[in-house]
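Here is the structure we will look at.
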Amino acid sequence: MSGNRQDKMATIVALCKRRGFIFQSSEIYGGLNSCWDYGPLGVELKRNVKEAWWKSMVSSRRDIVGIDASILMHPKVWEASGHLKGFTDPLVDCLLTKKRFRADDIEPQSGTVLHFTGAKDRESDAAITEPYSVLAKTPADFDKARKTAREFYQQRSIVKPELLGETTEEVENTTGFNPENGGKLTEARNFNLMFRTFMGPVEDASSTVYMRPETAQGIFVNFLNVQQASRMKIPFGIAQIGKSFRNEITPGNFTYRTREFEQMEMEYFVPPEEDENWYEYWKNTRFNWYLEYGIKKENIRLRDHEKNELAHYAKACVDVEYKFPFGWSELEGIANRTDFDLKQHSNSSGKSLALFDEETKEHMFPFVIEPAAGADRATLAFLIDSYDVEGEGKDKRTVLRFHPSLSPIKVASLPLVKRDGMPEKAEKIYNDLLSHSISSFLDINLSIGRRYARQDEAGTPYCITVDGQTMEDGTVTIRERDTREQYRVASDSVVECITSKLRNA
RNA sequence: GCGGGAAUAACUCAAUGGUAGAGUGUCACCUUCCCAAGGUGAUGGUUGCGGGUUCGAUCCCCGUUUCCCGCUCCA
């Protein structure tokens with residue numbers, strides 16, 4: 001990881017805080033791990049990202065409808081979906097090397113275990129009574145095992161350890177030792193990635209509920225409700241934007257991996273024999289969506305999952321990856337979930353989620369193609385991708401080159417100087433814009449250059465400037481963020497002009 | 001969860017075992033007809049938090065929280 005890349009991330013985190021995009025959660029209390037709050041600019045940006053997604057997936061299509069399911073769902077949902085079982089990883093650590101293993105990945109081993117009760121130093125009074133064991137695999141090499149044990153005690157400040165209380169034990173098919181060095185592993189600890197809480201005032205096992213680790217299940221369990229209410233016929237989709245929660249073992253990289261996050265998911269139900277075509281279709285459609293909203297071609301790619309990488313439900317999966325400063329990372333996964341989920345819920349609930357096929361007169365389970373995107377990840381990617389620094393020294397300019405639809409503020413209304421009625425005129429234009437629900441900003445103080453710079457750093461695509469000529473002929477200038485070019489329009493056509501620019505952007 | 005590094009004003013950073021400074025920013029007033037101009041003033045910090053050592057700690061020690069890096073994990 002080069003210094004530059006990390007500098008870029010740090011610079012963006014600082015900019016986000018300074019300009020009000022993203023703050024650390026509960027900062028005055030020292031912060032809360034992996035939790036972030038969106039500030040005034042950040043919330044607009046993220047809303048715009050979600051709106052762009054919703055428009056492209058729902059509003060502009062005849063074949064997709066939306067829902068908003070609750071975060072808490074019946075616990076059996078998570079049994080059926082496989083999350084209750086599959087989301088629990090029993091993990092063990094090597095006491096010597098600290099290397100971590102999944103307990104169920106360790107091959108059973110046989111051999112002789114050497115137990116020690118402790119160690120003392122050969123040249124001082126130092127001693128330690130912590131027990132330790134090493135497995136000497138058949139054919140047993142006891143000297144090597146003892147050497148491992150001495151390393152263990154050396155780590156605990158015994159410089160020249162003499163092992164104490166050695167006993168041996170024959171074992172078969174144990175998984176309690178590190179396959180690489182025979183060293184004892186910790187007890188298995190379960191990491192369930194689902195957040196748990198209690199429904200109602202009594203905290204007992206029967207009231208345990210989970211906060212959803214994905215929004216998809218809310219769609220699957222509502223599949224027939226939605227299909228019947230909206231009279232949809234396959235192929236059709238159900239979309240949802242909402243918060244999900246996962247107790248990630250390692251959160252990090254700013255808002256990239258957090259334990260509370262927002263997903264934009266769509267489940268597209270198709271005839272089983274058409275699954276591969278639709279998979280290709282959504283792969284391309286979703287990839288192009290990022291390009292359409294300004295992500296640079298060289299910073300985005302598709303990466304197919306290897307067979308052994310696939311989730312338990314998936315027949316195929318491809319990631320849309322973005323080149324973050326910390327490396328290529330997933331923005332969105334497009335998966336062929338087959339009929340796994342609908343069948344599971346049908347079996348588990350006893351209520352069939354199959355559709356009746358009028359042609360074949362048979363019940364059938366559609367296959368599901370799922371494009372699942374991270375709203376926070378997409379927001380972060382748009383933020384990073386639009387970040388640009390121009391010029392050097394005094395001419396240096398920081399610009400967020402957002403696609404205009406994503407910009408938190410669309411227009412700033414600025415009087416060139418604070419006199420001759422210019423502030424009043426600028427305020428009138430500002431009010432006009434606001435009355436047309438165009439997100440705008442009025443800035444009167446300080447030099448015009450400074451105010452342009454502030455808007456550049458907020459990613460505002462257009463600045464309206466009221467100058468001397470405005471007072472004579474009623475025209476104002478529109479300044480373009482990316483080129484800094486200016487041209488004049490009649491002040492009473494500003495709203496119309498901006499509206500058309502935003503529509504065509 | 002392990003190992004390493006860091007934490008001082010809103011941001012970027014200084015400084016010192018004797019209760020902290022600068023630049024930037026922000027605000028007000030003045031000035032200013034086009035890209036972070038200038039002037040004056042103001043705003044700002046229990047030095048992340050909690051203990052300990054000390055006459056005295058931002059500095060030394062311990063713990064803790066958060067962030068970053070590396071493991072590990074990742075539906």
Side-chain angles (χ1 to χ4, degrees), chain A residues 1-3 5-7 9-11 13-20 23-36 39 81-83 85-87 89-102 105 155 186 189 191 193-194 213-214 216-217 244 246-254 257 259 305 309-314 317 319 325-326 329-330 333 335 337 340-341 370 372 390-391 393-399 414-420 422 445-457 463 465-471 477 479 481 483-486:
Chain A
M1 201 61 58
S2 83
R5 287 162 148 201
Q6 282 316 306
D7 285 353
M9 211 51 212
T11 305
V13 173
L15 171 74
C16 281
K17 180 168 186 197
R18 182 158 37 88
R19 285 287 154 190
F23 309 117
Q24 182 159 30
S25 165
S26 319
E27 191 189 47
I28 62 169
Y29 286 103
L32 181 65
N33 184 267
S34 104
C35 292
W36 303 89
S81 69
H83 286 85
K85 190 160 152 281
F87 242 48
D89 293 335
L91 299 176
V92 294
D93 299 303
C94 173
L95 288 163
L96 180 64
T97 62
K98 309 295 183 201
K99 185 164 176 178
R100 172 165 293 174
F101 301 88
R102 278 183 61 148
D105 274 355
Q155 259 186 11
T186 59
R189 280 167 300 176
F191 286 74
L193 300 187
M194 277 199 290
E214 63 174 23
Q217 299 304 325
S244 292
R246 288 180 199 173
N247 259 320
E248 296 285 354
I249 295 166
T250 313
N253 286 325
F254 198 33
R257 176 173 284 118
R259 296 192 168 114
H305 277 213
E309 225 184 322
L310 292 175
H312 62 268
Y313 52 72
C317 187
D319 282 347
F326 45 83
S329 306
E330 176 189 351
R337 290 181 80 130
F340 178 86
D341 300 275
E370 171 195 76
E390 265 185 8
K394 246 191 105 187
D395 297 324
K396 193 171 150 182
R397 168 170 100 115
T398 301
V399 198
L414 314 169
L416 188 63
V417 292
K418 195 168 32 168
R419 56 176 158 77
D420 304 335
M422 293 181 206
N445 282 318
L446 299 179
S447 75
I448 190 68
R450 189 92 138 263
R451 285 175 280 153
Y452 286 147
R454 279 205 277 234
Q455 294 307 320
D456 288 342
E457 210 179 37
C463 288
T465 309
V466 173
D467 58 15
Q469 197 178 328
T470 309
M471 310 319 284
T477 68
R479 170 194 182 265
R481 172 196 66 201
T483 59
R484 300 203 275 184
E485 275 170 14
Q486 287 180 285

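Numbers restart at 1 for each chain; the letters A, B, ... are given by sequence-line order, proteins then strands.
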- [ ] Evaluate the ring planes of Tyr313(A) and Phe340(A), with Trp represented by its six-membered ring, and classify them as parallel (under 30°), tilted (30 to 60°) or perpendicular (over 60°).
- [x]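 Plane angle between 30° and 60°, so tilted.
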- [ ] Scan Arg451(A), Arg484(A), Arg481(A), Arg479(A) and name whichever one has a salt bridge (charged side-chain N to carboxylate O under 4.0 Å, His left out) with Asp456(A).
- [x]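 Looking at Arg451(A), Arg484(A), Arg481(A), Arg479(A), the match for Asp456(A) under the salt bridge (charged side-chain N to carboxylate O under 4.0 Å, His left out) is Arg479(A).
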[X] side chain, from C-beta outward: closest of [options]:
X	options	value
His83(A)	rU26(B), rA75(B), rA28(B)	rA75(B)
Arg454(A)	rU66(B), rC27(B), rC34(B)	rC27(B)
Thr398(A)	rC74(B), rA36(B), rU66(B)	rA36(B)
Glu248(A)	rC35(B), rC74(B), rA36(B)	rC74(B)
Ser447(A)	rC34(B), rA36(B), rU12(B)	rA36(B)

Which is true for [X] with a 4.0 Å heavy-atom rule: it touches a base, it touches only sugar-phosphate, or it touches nothing?
X	answer
Arg479(A)	base
Lys17(A)	sugar-phosphate
Ser25(A)	nothing
Phe254(A)	sugar-phosphate
Gln24(A)	sugar-phosphate

Open item on the list: Taking only side-chain N and O atoms of Arg450(A), does any of them lie within less than 4.0 angstrom of OP1 or OP2 on rG25(B)?
Closed with: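 Result: yes.
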Task: Nearest-Å distance for atom pair NZ/P, residues Lys396(A) and rG25(B) - done: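 Distance check: Lys396(A) NZ to rG25(B) P gives 13 Å.
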